Amino acid sequence: MKTSNPFLPLPLRFLFLCFALLMPLVACSDDDDNGDNGDSGQKGTSLTVYQQLQSAADKSLTVDDIVSSESFTVFTLSDNSKIELQRRNNVVNLESEESKNVFSLIKGPKNTWVLGGKDLQIPVVTALSANPVVVCVTFDKNVVTVYLDNGDTIVINRSGEEEIFSFVLEADKNKDLDEDISAVINGNSAYIVLPEMASSEALVLSFGYRGVSVKIGEIIQESGVTVNDFAAPLTYSLIKQDGSKIDYTVTVKSVPRIPRIYINTENEAEIKDKENYVKSVVRIEDPDKLYTDGTVFEGSAGVRGRGNSTWGMPKKPYRIKLDEKAKLLGMSTDKNWALLANYSDKSLLRNVAAFEISRIVDMKWTPKSVSVEFYLNGTYQGVYCLTEQVRVSSERLDLDLVTDQDISGEALTGDYFMELDFHFDEGARFKTDLKELPMMFKDPEEPTAEQFEYVKNFYNTAETVLYSENFKDAEDGYRKYIDVESFIKYYIVQELSKNCDGNMRGSCYMSLTRNGKIDQPVVWDFDIAFGNANHITWEQGASSTGPEGWYIKTCSPWFDRFFEDPQFVQELKAKWNAVKPQLELLPQFIQDHADRLQYASKRNFSPKKDGGAGWDIHEVMWPNYIDRGSYDNEIKFLKDFVVKRLAWLDRNINSL
């Protein structure tokens with residue numbers, strides 16, 4: 001600031017000089033500790049802080065130490081100078097997990113800065129200013145970041161070991177990006193995932209480092225300025241003070257597009273019910289060759305509704321019956337397919353996760369399922385799962401089914417495919433005498449009278465023996481009729497997922513093999529499992545909705561009796577401990593699939609006017625009981641549930 005002006009009259013020059021001399025005193029005066037950066041005194045203090053922080057950045061100083069109290073935070077710099085920030089400067093410690101998760105600085109509706117939901121009443125300044133106001137200051141173990149009222153930031157590195165500690169693609173420096181993307185750094189490798197279709201050419205990478213300089217080959221890299229082509233991984237070399245270097249490999253990939261399925265009904269006819277197939281043309285594309293060589297499938301089919309409670313939901317599930325068998329997206333060759341909507345599962349991944357558990361425990365058959373984006377008559381419907389329909393075939397559940405000629409002798413004994421479901425709505429059905437299990441013939445759908453009686457009598461005999469005094473007898477006990485190994489596998493899947501229908505209540509499939517036993521070969525229907533419904537407690541009797549407590553063990557017919565057999569318990573322990581290392585990988589499996597759905601899930605939960613399917617991530621409807629706030633939170637809940645459930649079951653199974 002100039003203190004005199006030769007063109008002003010002398011009295012005015014004198015007044016102006018007095019004013020200039022008084023300004024530092026005003027700037028150094030104490031303000032009310034109310035976080036208000038809007039008044040003149042506050043702005044004076046902030047300018048001083050700004051000047052100190054900007055000077056530290058200009059001199060490439062680092063922050064050696066940070067001391068915080070309720071009223072102030074002091075930064076000690078590498079030249080031993082100190083910068084004191086008051087509470088009103090809104091200092092946020094991002095090393096605190098709580099602060100890291102809630103930190104948010106946005107422009108509010110009144111065109112003021114809003115920090116963590118609190119209006120700071122600091123105006124958003126768009127014009128360039130020589131003396132901007134400090135809005136807030138954050139720090140973590142690597143950097144101090146100063147946010148200014150004009151939207152700019154000042155970054156000062158913290159002292160520490162020489163390294164490159166961050167790689168970021170900033171949206172304002174890369175035209176294909178709507179938001180900043182930070183790399184995941186693992187040792188000396190950094191990975192950046194771009195949005196779908198974003199180009200990896202001509203990218204500007206910003207990076208934070210402690211050291212002399214950063215190069216690619218012999219070319220000096222300037223953070224936030226140098227343009228590079230990331231079609232192949234690049235090696236960034238940090239040049240250290242002693243002249244040595246540390247190499248970092250930076251890999252940039254785009255999120256692959258998940259497959260798309262287009263169903264166009266004849267004359268755009270509505271699919272009205274679960275009984276009548278509507279003539280359709282089905283087209284399936286795998287643009288990024290995730291499951292195929294990219295060849296497009298197109299074929300004629302009939303399409304109808306499917307499901308029980310799910311058919312009554314706004315996002316409809318469908319059954320597809322191709323006119324000719326086809327191998328879809330690397331799955332089996334068949335005519336029959338399910339298109340699962342997962343409307344009540346906002347993670348969109350519960351069925352996929354349960355099928356992974358089924359694969360790990362080695363069920364006789366695990367349906368394959370692929371996440372797809374679905375279009376019906378040109379209208380986007382959202383993310384679905386194209387899934388192998390449960391049925392008997394050589395490439396799915398391989399059974400040697402009885403024919404209508406098999407009515408006596410060994411031929412009469414099997415194979416049969418049965419479904420247990422409380423809806424009890426199939427044609428040929430019976431309930432067991434003791435526990436009234438609702439059994440229905442799945443295949444054959446119309447057994448002969450002899451076949452019906454044989455299966456019914458076999459189930460009743462098995463159940464009677466199971467609940468008899470001598471049920472543990474090695475020769476004539478329940479093991480004579482029930483394949484224990486298959487029930488243990490089924491138990492692990494259902495108990496780990498805490499599946500509402502898994503307690504021998506619904507969507508439970510069994511087979512009865514020729515001269516064999518009752519077994520459980522496949523699992524199905526997990527959209528309200530993994531803590532996704534609260535009626536599991538008041539309707540099904542689980543001890544909790546959450547990850548703790550028994551469910552199948554105590555609330556399921558047959559299993560309640562199995563656990564009274566010490567041999568069953570020992571076999572369960574052995575199987576559990578054998579598969580637990582693989583089960584512990586399930587949270588990462590879930591995250592990997594969620595990453596693949598990063599942009600498809602956004603479209604699923606975006607309004608139709610924005611090109612989305614219109615489903616609401618915040619809607620609380622049966623059987624959901626809580627709004628978790630975002631898709632990321634839904635994934636976090638699912639992963640946390642699995643982690644905690646694994647830990648609880650591991651302790652309690654091994655304590656039986």
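Being a predicted model, the structure only gives us computed values, none of them experimental.
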### Query
Does atom CD of Glu445 have more than 12 heavy-atom neighbours from other groups under 6.0 Å away?
no
### Task
Could you tell me whether Lys442 sits above the aromatic face of Tyr509, with NZ or CZ closer than 6.0 angstrom to the six-membered ring centre and within 45 degrees of the axis?
no
### Query
Can you name the nearest heavy-atom pair linking Gly477 to Val465, along with the distance?
C-CG1, 3.5 Å
### Task
Cation-pi check, Lys316 to Trp311: give yes when NZ or CZ is under 6.0 Å from the six-membered ring centre and within 45° of the ring axis, no otherwise.
yes
### Query
Of all heavy-atom pairs between Lys498 and Glu548, which one has the smallest distance, and what is that distance?
NZ-O, 2.6 Å
### Task
Quick one: closest heavy-atom pair of Leu512 and Gly516, and the distance?
CD1-O, 4.4 Å
### Task
Search all heavy atoms of Leu638 against all heavy atoms of Ser347 and return the closest pair with its distance.
CD2-OG, 3.6 Å
#### Entry: Which atom of Gly307 lies closest to which atom of Lys274, heavy atoms considered
O-NZ, 2.7 Å
### Task
Check the angle between the aromatic planes of Phe641 and Phe637 and answer parallel, tilted or perpendicular using the 30° and 60° thresholds.
tilted
## Note on the structure
Of all heavy-atom pairs linking Leu348 and Asn342, the shortest is O-ND2, 3.9 Å
### Query
If you draw the axis of the six-membered ring of Phe374, does the NZ or CZ of Lys315 fall within 45° of it and under 6.0 Å from the ring centre?
no
### Query
Using 30° and 60° as the class limits, which term best fits the ring planes of Tyr380 and Tyr375: parallel, tilted or perpendicular?
tilted
### Message
Can you see whether Phe422 has Arg505 sitting over its ring - NZ or CZ less than 6.0 Å from the centre and within 45° of the normal?
### Response
yes
### Task
Would you confirm whether the ring centroid of Phe471 sits within less than 6.0 angstrom of the ring centroid of Phe568?
no
### Query
On the ring face of Tyr291, is Lys368 found with NZ or CZ under 6.0 Å from the centre and within 45° of the axis?
no
### Query
Do we get Arg645 above Phe530's six-membered ring, with its NZ or CZ under 6.0 Å from the centre and within 45° of the axis?
no
### Query
Quick one: does NZ or CZ of Arg391 land under 6.0 Å from the six-membered ring centre of Trp524, within 45 degrees of the ring axis?
no
